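Just so you know, these numbers come straight off a predicted model, no measurement behind them.
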Amino acid sequence: VNKRPMPDLKSTEIATALSAAMAERRLVRLTTRYDEWVVCGYVVSLGPGFVMILVVNDRVWLDGFECFRRPDIIAIEDDPYADFHEKALERRGELIPDAPPVSLTSIEDLLRTAGEAFRLVTIHCEGVDPEVCYIGHVHEVSGGHLVMREVTPAAEWEIEFERYPT
């Protein structure tokens with residue numbers, strides 16, 4: 001993750017760049033309006049509301065999937081160190097997996113299908129508090145709410161389920 005390097009782009013330019021990066025499997029850097037840092041990774045899935053990135057971390061390992069709201073992405077650029085990063089990933093035997101079966105059409109669909117695809121999900125609510133995230137298992141998404149069983153900082157399941165508006 002690196003400092004934000006570039007100015008904001010128009011949403012049409014970003015949409016075009018995201019589509020091209022996915023089609024060409026190019027390693028890119030994304031900047032969101034909430035983060036001071038950029039996210040390095042591969043665009044593996046695009047939906048009308050969200051973008052899924054396969055993250056490449058600072059130590060040049062594949063580091064899971066992250067989904068971002070399209071309007072929150074303010075900049076995208078090719079990773080200037082893509083050749084090095086891709087060679088390191090290749091030498092380690094790390095391959096770009098297929099995108100998991102997560103719907104990117106709405107927040108409700110995203111949460112529901114991510115909960116089906118993964119035992120644990122991490123949810124960031126940057127607009128509410130950028131310092132907080134929720135980690136847990138998605139139990140249910142319905143009626144405009146997410147019900148999840150969270151994991152404590154001690155890596156134990158909470159007894160009670162939490163309910164959040166979507």
Side-chain angles (χ1 to χ4, degrees), residues 1-58 62-79 82 85 96-151 161-166:
V1 181
N2 300 294
K3 282 279 190 189
R4 185 183 299 186
M6 57 189 313
D8 294 356
L9 298 174
K10 293 180 185 173
S11 63
T12 53
E13 293 171 319
I14 291 171
T16 300
L18 289 167
S19 294
M22 186 172 95
E24 298 165 17
R25 295 198 106 165
R26 286 195 330 261
L27 190 59
V28 295
R29 293 181 179 196
L30 293 183
T31 304
T32 71
R33 63 187 174 124
Y34 294 110
D35 296 320
E36 178 181 336
W37 308 97
V38 298
V39 175
C40 181
Y42 295 93
V43 179
V44 294
S45 187
L46 293 170
F50 296 87
V51 175
M52 183 183 293
I53 305 295
L54 173 62
V55 176
V56 177
N57 68 23
D58 287 347
L62 298 180
D63 198 14
F65 300 94
E66 290 188 25
C67 296
F68 299 91
R69 285 185 288 253
R70 279 183 174 256
D72 292 343
I73 299 170
I74 59 170
I76 179 173
E77 68 174 341
D78 288 341
D79 183 340
H85 291 154
I96 301 171
D98 291 335
V102 174
S103 172
L104 302 176
T105 54
S106 70
I107 189 64
E108 291 83 6
D109 286 344
L110 189 155
L111 291 168
R112 182 182 47 74
T113 56
E116 293 167 357
F118 299 100
R119 182 155 167 82
L120 288 178
V121 298
T122 303
I123 300 171
H124 295 267
C125 301
E126 295 93 340
V128 176
D129 188 344
E131 301 298 317
V132 174
C133 71
Y134 304 98
I135 302 170
H137 176 72
V138 174
H139 179 70
E140 178 182 13
V141 180
S142 66
H145 286 88
L146 161 69
V147 178
M148 69 186 292
R149 187 170 187 196
E150 293 182 12
V151 175
F161 287 86
E162 294 293 332
R163 183 178 172 93
Y164 301 100
T166 56

For side-chain contact (heavy atoms from CB on, under 4.5 Å), just list the numbers for Tyr42 and Leu27, CA-CA rounded to whole Å, side-chain angles, deciding distance to a tenth of an Å, and then say yes or no. CA-CA 5 Å; Tyr42 295 93; Leu27 190 59; 3.6 Å; yes
Stepwise side-chain contact (heavy atoms from CB on, under 4.5 Å) check, Ile107 with Val141: CA-CA 10 Å; Ile107 189 64; Val141 180; over 6 Å; no
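Taking CD1 from Ile123 and CE from Met148, the interatomic distance works out to 4.5 Å, rounded to the nearest 0.5 Å. Rounded to the nearest 0.5 angstrom, Phe68 CZ and Glu126 CD are separated by 8.0 Å. With rounding to the nearest 0.5 angstrom, the CD1 atom of Ile135 is 7.5 Å from the NE2 atom of His124. To the nearest 0.5 Å, atoms CD1 (Ile73) and CZ (Phe50) are separated by 10.5 Å.
Between Thr31 and the choices Ile76, Val39, Asp72, Val38, the side-chain contact (heavy atoms from CB on, under 4.5 Å) rule is met once, by Val38. Of the candidates Val55, Val56, Asn57, Val56 is the only one forming a side-chain contact (heavy atoms from CB on, under 4.5 Å) with Leu62. Checked options Val121, Ile53, Val44; the residue passing with Phe65 is Val44 (criterion: side-chain contact (heavy atoms from CB on, under 4.5 Å)).
The minimum heavy-atom distance linking Arg25 with Pro97 is given by the pair NH2-O, 3.9 Å.
Using a 4.5 Å cut-off on side-chain heavy atoms (C-beta onward), Leu104 and Val51 make no contact.
At least one donor-acceptor pair under 3.5 Å links the side chain of Thr166 to the backbone N or O of Gly144. In this structure, the side chain of His137 engages the main chain of Arg119 through a donor-acceptor pair within 3.5 Å. Side chain of Thr113 to main chain of Ser103: a donor-acceptor pair is present (N/O by atom type, distance under 3.5 Å, no hydrogens or angles). In terms of modelled atom types and a separation under 3.5 Å, the side chain of Arg70 and the main chain of Gly47 share a donor-acceptor contact.
Taking the side chain to side chain contact (heavy atoms under 4.5 Å, CB included) definition, one finds that Asp98 meets it with nothing, sequence neighbours left out.
A donor and an acceptor atom, one from each side chain of Arg149 and His139, are nowhere located under 3.5 Å apart.
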